[in-house]
Every structure is written in C-alpha cells, then in structure tokens.
Amino acid sequence: MKASIFPIFTLKDDPSDAEILSHKLMIKAGLIRKLNAGLYTWLPLGMKLVSKISKIIIEEMNNIGSMEILMPSIQPADLWKESERWDQYGPELLRIQDRHERDFCFGPTFEEVITDIIRKEINSYKQLPLNLFQISTKFRDEIRPRFGVIRAREFIMKDAYSFHSNQECLNVTYEKYKSAYINIFNRLGLDFRIVEADSGNIGGNESHEFHVIAETGEDDLLLDDSMVGMNVEIAKRKYGHDNIDDILKEKNLKHVKGIEVGHIFKLGDKYSSKMKAMINTKESQNINILMGCYGIGVTRIIAAAIEQNSSNDGIIWPEALEPFKAVIAAIDGNKNSEIKKYSEEIYQMISKDNNLDILLDDRDLRLGNKINDYELIGIKKILIIGKDETTNKTITLKINNDKKLIPINELLSYFSD
RNA sequence: CGGGGUGUAGCGCAGCUUGGUAGCGCGGCUGGUUUGGGACCAGUAGGUCGUAGGUUCGAAUCCUAUCACCCCGACCA
C-alpha cells in the first residue's frame, strides 16, 4: 500500500474533546473522527483494524459452526411489542417513524429479528441446533456517550445467536462460544478475564462477561487467582454484602477495572415463548426453542487494546492488530529518482512478491515527520532508504531505537515469524 | 436529569476583566534553499467570533435566551 493512496490523517496536537489515552490516540493517529456525540467516522486506518478483528471473529465463529448473516439495522416496532421490550427498553432505544408514520427503531440488539427469522424457517428439532451471527452497526442512545468508541452510541458489534431443542444442547453450545471467545481474545493479544455477570436487559439465566483489564475500564471486577471472577453486582448478591472492601477481605479477592468486550447469555425461552418460536419434538409435541446469544464489541476492542498497551507518543499494537508489517521510508524519494526507484523495488519484493502488508511512504515529508507518524500509528518495523542504501543495495531497519544496516538479500528473513 | 467547563481560521489556542470591527502556533497554497528524528526564507489564501435577540454611536468582549460539545454523577454492553 502506498501512502499516497492510503491517507494518513495524523494530528500534531491533542484533540480538545478527548480525555482518555485511547480516545486521544485514535483521533491523533487518524483511526476515527467524531461526527457528533458518540458517533464516529472510521477512517481507512481505523477500518483496517475493524477488518482485522472481524476476520479473526469470523474465523472463530465458523470454527464452532456459526454462520454469518446480516440483518437490517432498522427494525419494526411490532416485533419489539411482541417481546414486550418496546415498553421496557426505555429511551436508550432510538425510535423512529417512516413516511407512513409507522414505528421503527434502530436496532440496539437483534433478539427480536433473529427470533422472527427462526420461527418462520425452523419447524422441527431435526433442524437444530443452529448457529448464526452477524457483524453490524448497532445504535444505543446512551445517556452519556464517552471515552470515544468505548461508549459510543453507534458502534460495531458481533452478535451471535444459537437455537436448541433441549437445555443440554444449549449448555454445550454455550461452552463452545466461551472457548471461541477465549481463542479470539487470545489471538488479539489482549489481557482479559471472564466474569460471572448479570444478564440485564437482554435476559436469560446464565451469563458471562469478557473484560479487557484496563485502569480506565468502567466495570469493577472481583478476581481470585483463576481466570474466572465476577462483577461487582454478582459479588454483592452472592456474598450478601454491599461493601466491596468487606468482600475483598473476606474472600481474598482482587479488585480490578475492566472494559467489557464480550458478553454471552443463555436466553432459554425468553424470546421464543413471547414470540412463539416453536418446534416439533420427536414425540410430535410443540415446544419453545431454547436460545443463547453472544456479543462482542468489535469497535470497543480497538480502544481496549490501546488502553492496555500504549504510550503518549503512540499506539503499541498487539501483533495481530499491527496495521502494517513494516513501512518503507524513502529519504528525499520524490526528488532523487534513484532512491525512489530502489524503494519501489524493495516494496515490490516484500509486498507484492511475498504478500506482506507493507506501507510504502511516498509522501513528500522529512524523515522525522514520517517517523513520528509511524510511532503514533504503531508501525514497528521501519525500513529507511536513503542515498547510501540505494548505492550499496542495503536497507536500514529501525525498530524502536535500534538501527541495523542489512543487505537486501537478508531482508526477508526479518519478516519470517 | 443535577453539578462543572468550553464554543474565536482545517487543528490547538490567546483576546473578553476595563467595548473601538480579530491575533498567535501548527497546517494549507506559490516560489526557492533543504531532506539520516517534527527544517528555513519570502510571499499568499482562509474567520457571519456557536445561534438569536437586547444594551450602545460602536459588541468576540456587557445582558438575556437558546443550541452544541466535554468532564463528574445517576444509568448502561
């Protein structure tokens, strides 16, 4: 990819309306721009990260037999009235009318729509279990949007739904999603914990949250030495205390802050009973379909990863999220045609011939400007090409503060993982 | 919704106390010198000072209303 066609919208100053590090860096590095409170445009660099995360999620969903679909973001009120959530959901649900003055909402979640599909398409236990997911834009009219994309009003979320003819099958599938989630967050290189959780507005009877551990997290988690802990609401109920400190002392738990990036629920028949999503059993009986639902905050993950490991100078991505494997910085490349030609050759060799995702920075900037951008964006490997390198057929590889002069034929060995 | 803060050029800000018709840095554009960690010189474009009303000879500045955004809280994935 050439920088002349892949726009790099970096800023020198901190944005005036961002407070926490990830929010500042996402704007400074040119991942996003704010349109309005809680509404963000994803610029090319940001979209690249959305795609990387989506790709991993899709792979892991497919691995457990969950197939991708896409539902409309605008949903008719009738379905929400059937589930009785039209009245329950409150002002977080953005209600809109079409030209015929019929009521709709912008979907904050999709239990109603998916249940409607399933009740129409599925009639028999023989068609189950079934697993479907989508990655799509959701809208929740938050009381107070904040922290950039962490609590945005419009955001991208993966939501999966499972359908079963018996509880045991739901239980097994629930565990499959849990392990898929563990794979996803491991692959993303995030430090995370699973906690027992409240099922809240979505409903159901068992639920776990996945949290990225971060100081700026909004959620309070109580953890022991194992991977699984609980959130504060559960702890208070479980141990019958309102004072967290008492619980911590009594149960020898640690208190940490987390950013919720995933949440899985056993819904049971909450939606199928209200919306009459039924199947025939082996005994020719009509029963409600059992359901599970499984969410991941795709856009929130990006902010969470930045919160977890970055500096004031820039983003430090986990390997799976590095936007480019390396960048080629030509010094004076636009004036000196030899340097330009040599840079293009190197680019051709590692990017085109070896299918590595490389940025060729052909912008007419000084080296210092370019390097500052790379530090902001979080590109670790910098290949510097100037007069000497061009003459001697070498490359200067710069990683952090180490510079190494390497011959062209050894270059590729620095990219074998 | 309660409390606090901010709206002035693309971005970051000063000017407001004490009214006299707008300025700085960065960025942009043109030309030139440069290019190994945010270069320099010369020139140049760009603003209904959030919006509406009021006071005044005169308002970015004073008054009233209103809108937007940010922070804390309540609430929430």
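Side-chain atoms are counted along with the backbone in the values below, which use heavy atoms only and exclude waters and symmetry mates. We name chains A, B, ... by the order of the sequence lines, and we start the count at 1 in each one.
Using C1' as the reference atom, rG46(B) and rC26(B) are 15 Å apart when rounded to the nearest Å. Taking atom C1' in both rA65(B) and rU55(B), one finds a spacing of 15 Å when rounded to whole Å. To the nearest whole angstrom, the two P atoms, one in rG23(B) and one in rA68(B), are 32 Å apart. Rounded to the nearest Å, the gap between the P atom of rU61(B) and that of rA52(B) is 13 Å. As rounded to the nearest Å, rG50(B) and rG5(B) have C1' atoms that lie 16 Å from one another. Going from the C1' atom of rU64(B) to that of rG47(B) covers 26 Å, rounded to whole Å. Between rC29(B) and rC67(B), the distance separating the two C1' atoms is 35 Å to the nearest Å. Comparing the C1' positions of rC1(B) and rC16(B) gives a spacing of 31 Å, expressed to the nearest Å.
Residue-level contact check: Asp17(A) touches the backbone only, with heavy atoms under 4.0 Å from sugar-phosphate atoms and none from bases. Using a 4.0 Å heavy-atom criterion, one finds that Ala152(A) contacts the bases of the nucleic acid, with or without backbone contacts as well. Residue Asn36(A) is in sugar-phosphate contact alone, with no base atom involved, counting any heavy-atom pair closer than 4.0 Å across all strands shown. Contact annotation for Glu233(A): no contact, since no heavy-atom pair falls under 4.0 Å across all strands. Using a 4.0 Å heavy-atom cutoff across all strands shown, Leu39(A) reaches no nucleic acid atom at all. Among the protein residues, Asp14(A) comes within range of the sugar-phosphate backbone only, with heavy atoms under 4.0 Å from sugar or phosphate atoms but none that close to a base. At a threshold of 4.0 angstrom between heavy atoms, the contacts of Gly297(A) with the nucleic acid are absent. At the heavy-atom level, Ile384(A) lies under 4.0 Å from base atoms of the strands shown. Contacts of Lys34(A) with the nucleic acid, taken as non-hydrogen atoms under 4.0 Å apart, involve only primed sugar atoms and P, OP1 or OP2. Within the 4.0 angstrom heavy-atom criterion, base atoms lie near Lys335(A).
Checking rA74(B), rC76(B), rA77(B) against the side-chain heavy atoms of Ile143(A) singles out rA74(B) as nearest. For Ser16(A), taking side-chain heavy atoms from C-beta onward, the closest of the listed nucleotides rU35(B), rC13(B), rG38(B) is rC13(B). Among the nucleotides rA39(B), rC76(B), rG38(B), the one closest to any side-chain atom of Arg366(A) is rA39(B). Taking every side-chain heavy atom of Asp13(A) into account, rG25(B) is the closest of rA77(B), rG25(B), rU35(B).
Aromatic ring orientation, Tyr89(A) versus Trp80(A): perpendicular (interplanar angle above 60°, classes split at 30° and 60°).
Nucleotide rC24(B) forms a pair with rG12(B), judged by Watson-Crick or G-U wobble geometry with both contacts under 3.5 Å. A 3.5 Å limit on both hydrogen-bonding distances identifies rC72(B) as the Watson-Crick or G-U partner of rG2(B). Searching all strands for a Watson-Crick or G-U wobble partner of rU64(B) with both distances below 3.5 Å returns rA52(B). With a cut-off of 3.5 Å on both pairing distances, the Watson-Crick or G-U wobble partner of rU30(B) is rA42(B). When both pairing distances are held under 3.5 Å, rG36(B) makes no Watson-Crick or G-U pair with any nucleotide shown. Using Watson-Crick or G-U wobble geometry with both donor-acceptor distances under 3.5 Å, rA77(B) finds no partner in any strand shown.
Summarising the geometry, the separation between CG on Leu365(A) and P on rG28(B) is reported as 8 Å, rounded to the nearest angstrom. For the pair Glu260(A) CD and rA77(B) P, the computed distance is 7 Å after rounding to whole Å. For the pair Glu218(A) CD and rA74(B) C1', the computed distance is 13 Å after rounding to whole Å. Look at CD1 on Ile382(A): it is 14 Å from P on rG38(B), rounded to the nearest Å. As a whole-Å value, the separation of Ile296(A) CD1 from rA77(B) P is 17 Å. For the pair Asp332(A) CG and rG36(B) P, the computed distance is 9 Å after rounding to whole Å. Between Arg146(A) atom CZ and rG73(B) atom P the separation is 6 Å, expressed in whole Å. For the pair Asp373(A) CG and rC11(B) P, the interatomic distance rounds to 18 Å; values are reported in whole Å.
Taking the nucleotide of RNA chain B with the nearest heavy atom to each of Arg151(A) and His23(A), the more 5' of the two is matched to His23(A). Where Asn369(A) and Gly148(A) each meet RNA chain B at their nearest nucleotide, the meeting point lying more 5' is that of Asn369(A).
Around atom NZ of Lys176(A), no more than 12 heavy atoms belonging to other residues, nucleotides or ligands sit under 6.0 Å away.
For the pair Lys12(A) and rG27(B), the criterion of a side-chain N or O lying under 4.0 Å from OP1 or OP2 is met. Look at Arg140(A) and you won't find any side-chain N or O under 4.0 angstrom from OP1 or OP2 of rC76(B).
Here the rule is ring pair (Phe, Tyr, Trp, His ring centres under 6.0 Å) with Tyr181(A), and of Tyr174(A), Phe210(A), Tyr294(A) only Phe210(A) fits it. With Pro15(A) as the fixed residue, the side-chain contact (heavy atoms from CB on, under 4.5 Å) test singles out one of His23(A), Met26(A), Lys28(A): Lys28(A).
Cation-pi contact between Arg33(A) and Trp42(A): absent, since separation from the ring centre below 6.0 Å together with deviation from the ring axis within 45° is not met. Relative to the ring axis of Tyr271(A), Lys276(A) does not place its NZ or CZ within 45° and under 6.0 Å from the centre.
Within the structure, the ring pair (Phe, Tyr, Trp, His ring centres under 6.0 Å) test picks out the following pairs touching residues 101-121 of chain A (sequence neighbours left out): Phe106(A)-Phe139(A).
Contact record, Leu321(A) with Leu49(A): O-CD2, 3.0 Å, taken as the closest heavy-atom pair.
In summary, Glu60(A) and Arg187(A) engage in a salt bridge, as defined by a charged side-chain N under 4.0 Å from a carboxylate O.
Counting distance only, with no hydrogens placed and no angle test, the side-chain atoms of Glu375(A) and the base atoms of rG38(B) include no donor-acceptor pair under 3.5 Å.
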